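Given the structure is predicted, the values throughout are model-derived calculations rather than measurements.
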Amino acid sequence: MAEQIIQEIYSQIQSKKKILATPPQEDAPSVDIANIRMPSLPSYKVGDKIATRKAYGQALAKLGHASDRIIALDGDTKNSTFSEIFKKEHPDRFIECYIAEQNMVSIAVGCATRNRTVPFCSTFAAFFTRAFDQIRMAAISESNINLCGSHCGVSIGEDGPSQMALEDLAMFRSVPTSTVFYPSDGVATEKAVELAANTKGICFIRTSRPENAIIYNNNEDFQVGQAKVSASHAPGAHRAAWTLPAVTPSSQGTPCPRALSLTHPLCHPQVVLKSKDDQVTVIGAGVTLHEALAAAELLKKEKINIRVLDPFTIKPLDRKLILDSARATKGRIVTVEDHYYEGGIGEAVSSAVVGEPGITVTHLAVNRVPRSGKPAELLKMFGIDKDAIAQAVRGLITKA
């Protein structure tokens, strides 16, 4: 029966001429998205305050002047993520995706196809959970997209738990090919934006709502193997941005990004506060890094010195520097983060040091669904403020 049907179809063909499809013409102009750099150094002043979410918007607009291949997408939160700064300066390269985060990520993947553009998507970090399927598939498709999530943690304050990203680090750390940036001041944020533009895979930049002080100098270039030391408030202490020559991935086996040269800081935490008499290593990022520095001031009055590390990237994580710092502080580490316990900085650090003798990790994080309140009140309520850090340090020293 099948043969009869096939013969019947063939009998209806009126022309025996073979039809050859014309191959598509490669008429798109060539573009170059490699090595996109900021046109100038950051222009911040140490001690001035700015929210990293605003620093992100300023940095993205600035990078947009360096290349017309930089585009921005936002999920109807541009006045909060500050991507509106990019829109004002580059209106023809801004795509408003409204409250449709899944579509926004899909559009970004399409825009990045064939290396035509470098897309940056922004919304509240909590809202990227809606687009996790698209993010996962983007990684599987080996897409190169950049995502910026603002309003992370309880430090956003009165907006309440529905707006607080407390799972985002866990989500993005689990994505293959991902790089997770967590800048702690305006200078670091500008560096993160530039690095993300030149890093293959899924890049996530976690930004905060509160304004925090600038702690890095504008000429901080984060070069591998170059220690950077400036004055500190504590006698005999150093504020430094230390980077080590050996790039050591975390115990999860995460490879470093493929498009970075070895002159970049990726994979290298910054030693923000250091002295020869440090007794505990404290690791924080974003808001909690500033709380750690405040805790250091409190403890200094009690003649207790702590070493403060800024990871800069949560994935990949520099296992070697963390281990070296832990060993220099009698194996004592305290991690503090504006995130749930599961999947964040504490678990990343614990994975990095697992199996190492004599090292203990004390983990401070948000332990339950939060509530609305003032940022300082919530940091205190959930035990991730300067007082909680100082108490954790005292507890470790007392046990010795």
Side-chain angles (χ1 to χ4, degrees), residues 51-54 56-57 59-61 70-87 90 93-113 117-156 159-183 189 192-193 196-197 199 201-209 286 314-315 338-340 342-344 369-370:
T52 53
R53 61 176 178 138
K54 185 173 183 179
Y56 165 79
L60 188 59
I70 301 291
I71 66 170
L73 305 87
D74 197 278
D76 205 19
T77 56
K78 57 186 176 292
N79 62 322
S80 296
T81 63
F82 284 94
S83 66
E84 64 181 6
I85 301 174
F86 185 95
K87 180 184 178 182
H90 314 284
R93 287 186 271 144
F94 179 86
I95 303 173
E96 177 58 80
C97 298
Y98 300 100
I99 307 175
E101 293 81 8
Q102 294 164 313
N103 287 343
M104 177 172 68
V105 172
S106 296
I107 292 168
V109 171
C111 291
T113 301
T117 65
V118 180
F120 281 81
C121 300
S122 54
T123 186
F124 286 17
F127 301 159
F128 275 122
T129 59
R130 302 169 182 168
F132 186 61
D133 181 27
Q134 283 72 19
I135 295 166
R136 173 180 174 272
M137 291 306 299
I140 291 172
S141 302
E142 298 185 357
S143 185
N144 303 314
I145 60 173
N146 306 295
L147 311 174
C148 178
S150 71
H151 290 65
C152 59
V154 300
S155 59
I156 73 169
D159 284 359
S162 67
Q163 317 292 297
M164 296 171 176
L166 291 159
E167 316 86 355
D168 54 315
L169 291 179
M171 183 175 81
F172 280 100
R173 283 182 62 228
S174 72
V175 175
T177 79
S178 69
T179 299
V180 180
F181 295 89
Y182 196 171
T189 303
V193 170
T199 301
I202 310 299
C203 287
F204 175 63
I205 303 173
R206 192 181 207 230
T207 61
S208 304
R209 185 182 190 184
I314 310 305
K315 179 187 177 183
D338 199 356
H339 188 274
Y340 286 137
E342 295 79 12
V369 176

So does [Y] get a backbone contact from the side chain of [X], meaning a donor-acceptor N/O pair under 3.5 Å?
X	Y	answer
R93	I70	yes
R206	A165	yes
D168	A125	no
T113	V109	yes
E167	A126	no
S143	A139	no

If you compare all heavy atoms of [X] against all heavy atoms of [Y], which two are closest, and at what distance to 0.1 Å?
X	Y	answer
P370	Y340	CD-OH, 3.6 Å
C152	Y182	SG-OH, 4.1 Å
F132	S174	CZ-OG, 3.9 Å
V105	A131	CG2-CB, 3.8 Å
R130	Q134	O-OE1, 4.3 Å
P183	T52	O-CG2, 3.9 Å

Inset, instruction - Decide whether a cation-pi geometry holds between R53 and Y56; the criteria are a distance under 6.0 Å from NZ or CZ to the six-membered ring centre and an angle within 45° of the ring axis. - result: no

I'd like to know whether [atom1] of [X] has more than 12 heavy-atom contacts from other residues, nucleotides or ligands below 6.0 angstrom.
X	atom1	answer
R136	CZ	no
I140	CD1	yes
K54	NZ	no

Legend entry - Charged N-O contact under 4.0 Å between K87 and D74: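 Salt bridge: no.
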
Legend entry - Chi angles and distances behind the side chain to side chain contact (heavy atoms under 4.5 Å, CB included) call for I135, F172: CA-CA 9 Å; I135 295 166; F172 280 100; 3.8 Å; yes

Answer yes or no: is there a side-chain heavy-atom contact under 4.5 Å between [X] and [Y]?
X	Y	result
I95	C111	yes
T179	I202	no
F127	D76	no
L147	C203	no
F181	I314	no
H151	M164	no
F204	R173	no

Working to the nearest 0.5 Å, report the span between [atom1] of [X] and [atom2] of [Y].
X	Y	atom1	atom2	answer
N146	S122	CG	OG	11.0 Å
Q163	R209	CD	CZ	9.5 Å
F82	C148	CZ	SG	11.5 Å
L60	I85	CG	CD1	9.5 Å
M104	L73	CE	CG	7.0 Å
T117	I71	OG1	CD1	4.0 Å

Legend entry - I205 and T207: CA distance, side-chain angles, deciding distance, side chain to side chain contact (heavy atoms under 4.5 Å, CB included) verdict: CA-CA 6 Å; I205 303 173; T207 61; 4.0 Å; yes

Inset, instruction - Check the side chains of K315 and S178 for a donor-acceptor pair under 3.5 angstrom, ignoring hydrogens and angles. - result: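 Looking only at side-chain atoms, K315 and S178 do form a donor-acceptor pair, the distance falling under 3.5 Å.
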
Legend entry - Test side chain to side chain contact (heavy atoms under 4.5 Å, CB included) applied to F120 and V118, step by step: CA-CA 7 Å; F120 281 81; V118 180; 3.8 Å; yes

Legend entry - side chain to side chain contact (heavy atoms under 4.5 Å, CB included) assessment of V180 paired with V175: CA-CA 10 Å; V180 180; V175 175; over 6 Å; no

